[in-house]
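Have a look at the structure below before the remarks.
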Amino acid sequence: MTLRLLFDEIRSNVQKISSDLGYPLVRFDVSEASQPEFGDVSCNIGFLLAKPLKKRPSEIAESIANEYKKYKTSFVSQVNVHPSGYLNFVANHSAFIKSVMQSSARQDYGKFDLGKSSKIVVEHTSVNPNKALHIGHVRNIVIGDTMARILNKACYDVRVLNYVDDSGLQVADIIVGFRYGGFDIESAQNQKFDHYCGDVVYVSITERYEKEPLLAEKRTIVLKELEEGNSEIAKFGDKITRRVLEEQLKTCWRLGVTYDCLNFESQIVRSRLWNVVLDKMKSMGLIYLENEGKNAGCWVIKSDSETEEDKILIRSNGIATYIAKDIPYATWKLGLLEDPFYYKQYTVQKNDRILWETTLENIGTKMNFTGDTVITVIDSRQSRLQKIITKIISDFKSEGKSYVHLGYESVTLSSDTAKNLNLETEGKSVQMSGRKGIYVNADSVLDILGKKTYEEVKKRNPELDDMLLVKIAEQVAVGALRYAMIKQDLDKIITFDMTESLESRRRYGAIHTIRIRKICENS
RNA sequence: GGGCCUGUAGCUCAGCAUGGAUAGAGUGCUGGACUUCUAAUCCAGUGGUCAAGGGAUCGAAGCCCUUCGGGCCCGCCA
């Protein structure tokens with residue numbers, strides 16, 4: 001908050017000078033200069049006093065500047081008046097930077113009490129446990145983690161959750177691959193397990209469904225067994241998804257990201273939480289049983305607009321839809337219902353933060369990872385569904401904004417990068433797809449980035465110990481990737497280009513300020 | 001058809017909430033410096049109808065309206 005000190009110093013001095021000169025009190029701005037040549041900080045007091053004093057803005061600014069120069073100040077080295085009327089200041093950079101460096105080294109750097117220790121949940125990552133994390137997932141993870149860090153600095157009591165959809169179709173696909181597709185459980189090339197499952201098993205099995213209807217049939221059976229839970233297939237699925245999850249988490253930790261609790265979808269399904277929520281929604285009249293029309297026999301959420309379709313929650317065959325799985329989880333995150341789970345330690349993460357996981361076994365330990373506000377980080381393609389969930393939750397819990405969807409535009413691959421994946425796109429960028437194998441794995445990017453950085457650092461510092469070089473290279477690679485994912489607005493699509501990401505190494509040292517206001521606005 | 005997002009320099013983007021200075025940065029390109037070359041670094045130059053049109057305003061990249069281009073979403077899939 002050293003910048004604040006600089007602004008405050010200027011503000012209070014200008015205020016004092018203005019009143020000493022007998023000028024009327026006005027609410028003036030002290031802000032960053034619009035262009036470097038004007039200096040570092042600008043003040044518009046001249047314009048505001050022009051009318052009451054009947055003088056030119058520059059004249060007034062001049063009088064203030066003359067007084068200002070007599071002041072002994074710690075952060076300002078120059079005061080200038082622009083002919084237009086602005087009062088411009090140049091910071092004393094050496095003093096300023098020294099102060100920034102000193103204060104940023106402190107543990108409480110940047111801390112401000114906005115949250116008053118209120119409980120807030122951030123859910124991010126939430127990748128299906130059947131594949132490795134790709135560059136698109138990384139944007140989600142970095143946004144979520146950055147958000148959590150900012151909220152933590154803002155004195156919120158932050159809990160970070162990662163939702164593991166271990167009972168869905170995508171998981172069923174790799175189980176089919178192992179059980180009926182002839183894939184060995186171990187990769188022949190000794191690949192990282194999540195890469196093996198995603199790059200090899202998942203991609204080829206989905207390709208084979210078209211030609212092998214028998215496999216497609218197996219998928220339906222596997223999916224059903226996964227949801228029901230006690231079969232041998234379900235136990236096998238559990239073993240596989242946990243192994244994938246373990247590898248995914250390694251990538252997250254590598255990115256410097258840690259969590260508080262893992263939530264497993266299979267447990268939410270088996271906990272019967274859904275029935276409780278459903279009864280509540282029925283009794284509150286939030287959902288209706290449709291008697292006629294194309295949705296006859298389904299339980300639906302009525303759309304309040306004429307152009308939007310009603311949303312089906314329960315099909316005419318009694319099976320809940322995808323969105324229905326998200327509702328009980330949302331109510332759990334907000335602590336609106338009795339918690340059916342017990343908690344056990346999954347592991348202790350690098351920064352000593354304990355990672356918990358839910359369990360349905362009564363092992364006695366209860367924890368609380370709920371929040372008064374819940375932020376769910378999901379890309380904006382899910383906006384429509386998230387809007388419906390937000391609406392339902394606000395009907396449940398009337399007070400304020402409790403469920404917040406933090407959306408962002410997705411990451412696409414540049415035409416050149418797609419070409420390297422043997423995909424011709426005619427110069428256009430392309431949406432990633434795990435199913436089609438169109439993606440770039442996060443680990444690969446970090447590896448290549450790290451290797452490149454290692455060479456650069458070694459060239460400049462040949463005397464350094466090799467272990468240290470590797471460590472530095474990894475840190476720089478992680479920093480570069482994180483920065484690349486967060487540097488632009490959430491509502492802008494990031495087109496990822498492998499070659500370009502390697503060339504951006506010059507920007508590694510960039511100290512950037514995250515536009516906190518913009519992000520906080522959403523919470 | 002409806003909804004959300006987007007359009008600013010060759011490229012990638014800031015700036016837009018809260019209108020006010022000559023519209024900025026990085027990169028690219030051109031030239032120069034660093035006693036040879038290359039790389040790196042530094043300096044200088046180059047580069048814009050702020051998608052288009054209209055409106056309100058003393059004043060618009062920014063606010064309002066219209067149009068056009070691009071992306072995404074709209075399933076008894078997940």
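The sequence lines fix the lettering, A, B, ..., with proteins before strands; numbering per chain opens at 1.
Using a 4.0 Å heavy-atom cutoff across all strands shown, A:Ala296 reaches at least one base atom of the nucleic acid. Within the nucleic acid shown, A:Gln170 has no heavy atom closer than 4.0 Å to any nucleic acid atom. Residue A:Ile319 is out of contact with every strand shown, counting any heavy-atom pair closer than 4.0 Å. Residue A:Arg381 is classed as a sugar-phosphate contact, given heavy-atom separations below 4.0 Å to backbone atoms only.
Spacing of P atoms, B:G32 relative to B:C37, comes out at 11 Å, to the nearest Å. Rounded to the nearest Å, the gap between the P atom of B:U18 and that of B:C64 is 10 Å. Look at the C1' atom in both B:A9 and B:G47: the space between them is 6 Å, to the nearest Å. With both ends at atom P, the span from B:U8 to B:C50 equals 11 Å, rounded to whole Å. Rounded to whole Å, the P atom of B:U6 lies 35 Å from the corresponding atom of B:C42. Only the P atoms considered, B:A61 is 9 Å distant from B:A23, to the nearest whole Å. Across B:U46 and B:G26, the matching C1' atoms stand 15 Å from one another, rounded to whole Å. Here, B:G15 and B:A21 have their C1' atoms 14 Å apart, quoted to the whole Å.
Judged by distance alone, the side chains of A:Ser415 and A:Thr425 do bring a donor and an acceptor atom under 3.5 Å apart.
Regarding A:Leu313, its CG atom lies at a distance of 13 Å from the P atom of B:C77, rounded to whole Å. At whole-Å resolution of the value, CG in A:Asp379 and P in B:G71 are 17 Å apart. To the nearest angstrom, P of B:G19 lies 12 Å from CG of A:Asn44. A straight line from CD1 of A:Ile486 to P of B:U12 spans 20 Å, rounded to a whole angstrom. Rounded to whole Å, the distance from CZ on A:Arg384 to P on B:G71 is 19 Å. Atom P of nucleotide B:A21 and atom CG of A:Asn80 are separated by 18 Å, given to the nearest angstrom. Taking atom CD of A:Gln382 as the reference point, atom P of B:C72 lies 15 Å away to the nearest angstrom. Per the geometry, NZ belonging to A:Lys387 stands 14 Å off C1' belonging to B:C5, to the nearest Å.
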Review point. Checking side-chain hydrogen bond (donor to acceptor under 3.5 Å, both in side chains) for the pair A:Lys280/A:Thr331: CA distance, chi angles, key distance, verdict?
Key: CA-CA 11 Å; A:Lys280 192 166 170 180; A:Thr331 59; over 6 Å; no
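Remark: A:Lys492 is in phosphate contact with B:G7, judged by side-chain N or O atoms under 4.0 Å from OP1 or OP2.
At least one donor-acceptor pair under 3.5 Å links the side chain of A:Arg139 to the backbone N or O of A:Glu409.
Comparing B:C74, B:C76, B:G20 by their nearest atom to the side chain of A:Ile312 picks out B:C76. When distances are taken from the side chain of A:Lys325 to each of B:C76, B:A78, B:G7, the shortest belongs to B:A78. Closest approach to the A:Cys298 side chain among B:U12, B:C76, B:G71 is made by B:C76 (side chain taken as heavy atoms from C-beta onward). When distances run from any side-chain atom of A:Arg315 to the nucleotides B:G7, B:C77, B:A21, the shortest one goes to B:C77.
A donor-acceptor contact under 3.5 Å links the side chain of A:Asn88 to the base of B:A21. For A:Ser42 and B:A21, a side-chain-to-base donor-acceptor distance below 3.5 Å is present, hydrogens and geometry of angles not being considered. One can find a donor-acceptor pair under 3.5 Å joining the base of B:C76 and the side-chain atoms of A:Ser316.
The CD1 atom of A:Ile174 lies 10.0 Å from the CG atom of A:Asp194; values are rounded to the nearest 0.5 Å. Between A:Gln386 atom CD and A:Ile323 atom CD1 the span is 8.0 Å, to the nearest 0.5 Å.
Shown here are the side chain to side chain donor-acceptor pair (under 3.5 Å) partners of A:Asp326, two or more places apart in sequence or in another chain: there are none.
Between A:Ile393 and A:Ser402, the shortest heavy-atom distance links the atoms CG2-OG, 3.9 Å.
Of the candidates A:Lys325, A:Arg270, A:Glu265, A:Glu227 forms a side-chain contact (heavy atoms from CB on, under 4.5 Å) with just one, namely A:Lys325.
At most 12 heavy atoms of other shown residues, nucleotides or ligands fall within 6.0 angstrom of atom CD in A:Glu292.
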Exercise for review: Could you summarise the pairing of RNA chain B as dot-bracket text, marking Watson-Crick and G-U pairs under 3.5 Å with ( ) or [ ] inside the strand and | across strands?
Suggested key: (((((((..((((......[...))))((((((.......))))))....(((((..]....))))))))))))....
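Along RNA chain B, the nucleotide nearest A:Lys294 and the nucleotide nearest A:His82 are compared for position; the residue whose nucleotide lies closer to the 5' end is A:His82. In terms of position on RNA chain B, the residue among A:Gln431 and A:Gly168 whose nearest nucleotide sits closer to the 5' end is A:Gln431.
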